[in-house]
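Here is the structure we will look at, set down as structure tokens.
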Amino acid sequence: MVPWHRLNGRTWWTLGLICLASFLVMGHAAFAANTKKSAPDLGPAMRFVVVRSSAPGCEPTCPEWISAEGSIEAGTPALFKRTLKVLGGRKLPVVMNSPGGNVEAALALGRLIRKNKLDVAVGKTRFIGCQPGVKICKENDGKGARYFGSPVAGGAICNSACPLMFAGGIRRVVGQWAYLGVHQITTTYFRTKLQYRTTYRVVRGKKKILSKKIVGRKNAGSYKTYEMSKPVEKRLAAYLKEMGVGQGVLDTMKSTPASSIRQLAPYDMLQTKLVTSLDAVDLLTTATLCNTDPVAANCREIAAPAGEVVAYAKPAPAASVERETVQRTDVGDMRFVLVRGRSSLCDPNCPEWISAEGTISAQTPQRLRQLLETMGDRRLPVVINSPGGDVLGALATGRLIRERKLDVAVARTDFIGCEPDKADCTAEDGIYVGLTIDASGECGAACPIMLAGGVRRLVGPRAPLTVHSIGLEQPVKTYFKDMAVEPGLLAAMQSVPASRHRQLEPEMMLKVGLTTGLESVDEFTGPTICKSEPMPENCRVVSTSEVQAEVPVKL
């Protein structure tokens, strides 16, 4: 000990030079979708690459997206920030395929996605030419992009911690062929043995610590818990609420053991707002996004290299005849079938509707009339998905819809189990089972004419409705007047050449009277509408045995 003497000579101090002490302390807790005693092998770490669509005919303006594939690790958010910095503010959707990983990193990624206002989808990217990870690849040199490919939903997954990252998206879609699953969070606690060097003084018999410094650190093992602690639950609940996702997602995580995984059904994801619509990755990446006016934000034009002639696909010239000439050959004539919704939220009392899909032809009004005659006095809403077609056929079909006082909405019907176009498919009592998806539907060219015949007319904010010049001006003008649609709609149609398409905004459709509200098709076909008072006319109760006999939901 070293004596210290104060100037007044009354008090003696003692200084302890070194005191070594060892303590066993609890280090940080790591949260993961880990279900084993040791860290599981989730495969390669997540990598981010910008991909340009390889769809035939989309050049020179094609959609692009960020492919995010692999396990989420602690350093993944930093890699994502780097990718966003390179993009310089461009808003590209994130197409993710991940088994999960680090929860803290997933939360950070979700917040980055929300901060940058990006859309997300679960999907894989099939690359054409250069593949990510190949260091030397010159196959795409001179094409304006390093990676080209096409997105697919089949076989894609977003499990464990991945849904937390997914929740950050503005628009969030999974699709029935992709897999999104959750389970209980695994928390790993790490023990660390620390050795300190403490310097102190003894003043009047009492120790006064002057400094404390760690001089040794040793790993003392770890242990895991497979139940969500209250602090972790509180943090996750706050995050999901911040992202606008319902409590049901967290409840499902808590109720699913860490040793298994629970796939969320499409309607469950929609009800908890984990997804914003029942669409697939095509909603954000299809080449037709770049054919609208204005084009989607993730479309980019690449000019052909100087001196090089590129045979880009060009639209066919406008038809010289009065009737609209249908240019799409991949869509058959419109067919009408009866459909019943299928969900645990509505059984045994579920909504039913008429699915109208395909190209409008001269025979379309008669086909609808034949179906209506089999229904007696029942009035079901018509769910339209059509690229357009014959103008006179659309006029006649619209008048028939108004005559029968039917409601109309734009959406696609996804059939479950049995599809009308399949030769080996026979619907039970003539009624198919399905779901409506507004963002995957379309209504273009002559289709808005048919839509205008509805009593209530809905086009959801994610359902594309496009117009262009179609001829037969006087009959269309008279028809719109009869349907109480303002002249502004016809003016909008006439302002766009037949070789182009203009997508109408929801507010404009409401202003000119084409739509009667800003709601989506769920207003007519959502699984909970049959619980409202008064109950909609298109709801029908079936026995429990009938419900159980139906084809199970395909996930």
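All values reported here derive from a predicted model rather than from experimental measurement.
Remark: E352 engages R378 in a salt bridge, criterion side-chain N to carboxylate O under 4.0 Å. Ion pairing between a basic and an acidic side chain is recognised when a charged N comes within 4.0 Å of a carboxylate O; R379 and D377 show no such pairing. Remark: R114 does not engage E242 in a salt bridge, criterion side-chain N to carboxylate O under 4.0 Å. The existence of a salt bridge linking K124 and E69 is excluded, since no basic side-chain nitrogen approaches an acidic carboxylate oxygen closer than 4.0 Å. The residues R399 and D482 are annotated as salt-bridged, a charged nitrogen and a carboxylate oxygen being separated by less than 4.0 angstrom.
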Chi angles and distances behind the salt bridge (charged side-chain N to carboxylate O under 4.0 Å, His left out) call for R335, D333: CA-CA 6 Å; R335 52 109 178 100; D333 284 354; over 6 Å; no
Criterion side chain to side chain contact (heavy atoms under 4.5 Å, CB included) on V122 and N97, from CA distance to verdict: CA-CA 6 Å; V122 177; N97 178 39; 5.7 Å; no
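Side-chain atoms of Y479 come within 3.5 Å of backbone N or O of I449 as a donor-acceptor pair. The closest donor-acceptor contact from the side chain of D390 to the backbone of L392 lies under 3.5 Å. With T285 contributing its side chain and V281 its backbone, the two residues share a donor-acceptor pair below 3.5 Å. A distance-only check finds no donor-acceptor pair linking the side chain of N159 to the backbone of L180 [under 3.5 Å]. R457 contributes a side-chain N or O that, together with a main-chain N or O of G513, makes up a donor-acceptor pair within less than 3.5 Å. Side chain of R52 to backbone of R300: a donor-acceptor contact under 3.5 angstrom is found. In terms of modelled atom types and a separation under 3.5 Å, the side chain of R402 and the main chain of G453 share a donor-acceptor contact. Side chain of R262 to backbone of S255: no donor-acceptor contact under 3.5 angstrom is found. Side chain of N385 to backbone of A411: no donor-acceptor contact under 3.5 angstrom is found. Not one N or O on the side chain of Y267 forms a donor-acceptor pair closer than 3.5 Å with the backbone of G526.
The closest side-chain heavy-atom distance from I470 to M493 is below 4.5 Å. Within the 4.5 Å cutoff, the side chain of V521 has no heavy atoms near those of the V410 side chain. With contacts defined as side-chain heavy-atom distances shorter than 4.5 Å, the pair L435/T413 does not qualify. No side-chain heavy atom of I529 sits under 4.5 Å from any side-chain heavy atom of F524. Looking at V382 and L451, their side chains never come closer than 4.5 Å, going by heavy atoms from C-beta outward.
Residues forming a side chain to side chain contact (heavy atoms under 4.5 Å, CB included) with V295 (at least two apart in sequence, or on another chain): C299. For the ring pair (Phe, Tyr, Trp, His ring centres under 6.0 Å) test, residues two or more places apart in sequence or in another chain that qualify with F80 are F48.
Residue K241 places its NZ atom among 12 or fewer non-hydrogen atoms of other residues, nucleotides or ligands, all under 6.0 Å distant. Environment of CZ in R90: crowded, with over 12 heavy atoms of neighbouring residues, nucleotides or ligands closer than 6.0 Å.
Defined by atom type and a distance below 3.5 Å, a donor-acceptor pair is missing between the side-chain atoms of T364 and T397.
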